[in-house]
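Here the structure comes first, spelled out in structure tokens, and everything after it is commentary.
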Amino acid sequence: MAAANDRLGSSFLKIFKHPASSYGGYDYTFVDGDPPSNYICLICTLVSRDPHQVSCCYNIYCKSCLDKHRKKNSRNGTFRCPACRELLDLRSYFKDGRMEREIKALKVQCTIEECDWKGTIGDIEAHVMACPYRMVDCSLGCGEKICCREMETHLRDCPKRIVSCQYCKDGGPHDIITSSAHLDECRSYPIKCSNEGCEFIEERFWFKYHQKRCPKAIVYCEYSNLGCDELIKREEQEKHNEEFSKEHLQMAIKQVDSLQTKCTCSSSSKVFKTSSSLKFKDDMWHSPSFYTSPGGYKMMLCVYANGYGRGKGTHMSCYTVLVPGEYDDVLGWPFEGEVTVELLNQNEDRNHKKLIIKYDDSTPKDCKERVTKTMSERWGKDRFIAHSAPEFKGIEYGFLGPRYFRVSARVTSKTKPWLV
Ligand SMILES: [Zn+2]
Ligand SMILES: [Zn+2]
Ligand SMILES: [Zn+2]
Ligand SMILES: [Zn+2]
Ligand SMILES: [Zn+2]
Ligand SMILES: [Zn+2]
Ligand SMILES: [Zn+2]
């Protein structure tokens, strides 16, 4: 056996030396010194795993080493012995069961340095799977590899361990619960008031109520809607009112003046033409909707040619209705003012038939309050023009139209003061 080893030489050993993990023999530290040299595989130079003997020179190889060598070098089913170059085939090597039993009984150390386990080759594979020093993935999935023995310690510190937020008591992974992602949202996180001179601290959820009341907050004077643009600490409003009482009064007077101006300004007029086929027997004609003024109330004109209510069958009736408008939110309600409707005299003698519809205290609520759907109740006159009136002279076959109506509105509802 020693002779065979000598013949191989060092260059041969280098070529065939493979990492123990890929294939080949046992790469362990032996407890009782170097194992006998006849256990050594001549291909991988380690103690043979599943030792096989060749029939040519009786040398020993791992089965996996020999199989791999054969597959790589086989020509027509034959290959050469790596030691003596003799031609071999599949029938030229045999398992050495006795040697395998001897090898499996060799004592080795655990491959992990810190572990002082010692046992036979036959037992080490089972030990390595359960060795307390082996490295495993953190069971909470933080991505770290942990020595098995230290897992318990790691889990107490692992960034993925479940903890409760110290403020709101919500549970979650430590790295999330203590991060700004949570603390910036945590409803119980203590917030300190940042207003100068205020020492107030409160949980985030309740803090907003303090913000609205903080006596140290810098706010506009409560008369800013009158035009006072002083910035003061909230707690100093009363003191400011005393100092500025004259100025505040002047601002109020100025505002009343401008409100009055605005009321008389809210007027505009429009002319509508009825459909040319309008007949006496038609139920109702209504104009397109219009605004009393830019940014004002939205309404429509309704005309019943054959009359409505007390005018039915004898008169033309005329009303206005409120419809939902774009500015309703900022307008004062109920609508108050006058709508003037004129049926224009087409003979141009300016003798137009005029109706003034007053929206005031005597107007029913349903006619003047804000509407959100369809339209308000009609408000106007049942008996606007009698069918026998000169306006309708010479009408044949009941055809009325086309007729021209002019509508103008004067609004007196109080506009919200802060809109002025
Ligand atoms: Zn080998
Ligand atoms: Zn041989
Ligand atoms: Zn071990
Ligand atoms: Zn972990
Ligand atoms: Zn929290
Ligand atoms: Zn405060
Ligand atoms: Zn003021």
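Just so you know, these numbers use all the heavy atoms, side chains as well, and skip hydrogens, waters and symmetry mates. Read the numbers this way: they start at 1 and go in the same order the structure lists the ligands and their atoms.
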* Aromatic Phe205 / basic Lys208 pairing, under 6.0 angstrom, 45° off normal ->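 Yes, Lys208 sits over the ring of Phe205.
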
* Closer than 2.8 Å to the Zn ion (ligand 4) - protein N, O or S atoms, ordered by chain and residue number ->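 Listed by chain and number: Cys138 SG, Cys142 SG, His154 NE2, Cys158 SG.
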
* To do: Give me the ring orientation class for Phe290 and Phe272: parallel if the planes are under 30° apart, tilted from 30 to 60°, perpendicular past 60°.
  =>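 The rings of Phe290 and Phe272 sit tilted, inter-plane angle from 30° to 60°.
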
* Among Lys63, Arg101, Lys95, Lys104, salt bridge (Lys or Arg N to Asp or Glu O under 4.0 Å) partner for Asp50 ->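 Checked Lys63, Arg101, Lys95, Lys104 against Asp50; only one passes salt bridge (Lys or Arg N to Asp or Glu O under 4.0 Å): Lys95.
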
* Asked: Looking only at heavy atoms, what is the nearest atom pair of Met151 and Ser139, with distance?
  ->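 Smallest heavy-atom distance, with atoms named: CE-N, 3.9 Å.
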
* Please note down the angle at the Zn ion (ligand 5) between SG of Cys165 and NE2 of His182, to the nearest 10°. =>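 Once rounded, the angle between the two atoms at the Zn ion (ligand 5) is 100°.
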
* If you have a sec, read the angle at the Zn ion (ligand 5) from Cys186 atom SG over to Cys168 atom SG, to 10 degrees. =>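 Angle SG(Cys186)-the Zn ion (ligand 5)-SG(Cys168): 110°, rounded to 10°.
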
* Asked: Would you find more than 12 non-hydrogen atoms of other residues, nucleotides or ligands less than 6.0 Å from His210 atom NE2?
  ->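 Yes - once you tally the heavy atoms of other residues, nucleotides and ligands closer than 6.0 Å, there are more than 12.
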
* Run through Lys312, Arg378, His315 and flag the one making a side-chain hydrogen bond (donor to acceptor under 3.5 Å, both in side chains) with Tyr304. =>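 Exactly one option meets the side-chain hydrogen bond (donor to acceptor under 3.5 Å, both in side chains) with Tyr304, and it is Arg378.
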
* State, without any angle test, whether Asp89 and Ser92 hold a side-chain donor-acceptor pair at a distance under 3.5 Å. =>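 Yes, side-chain donor-acceptor contact under 3.5 Å.
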
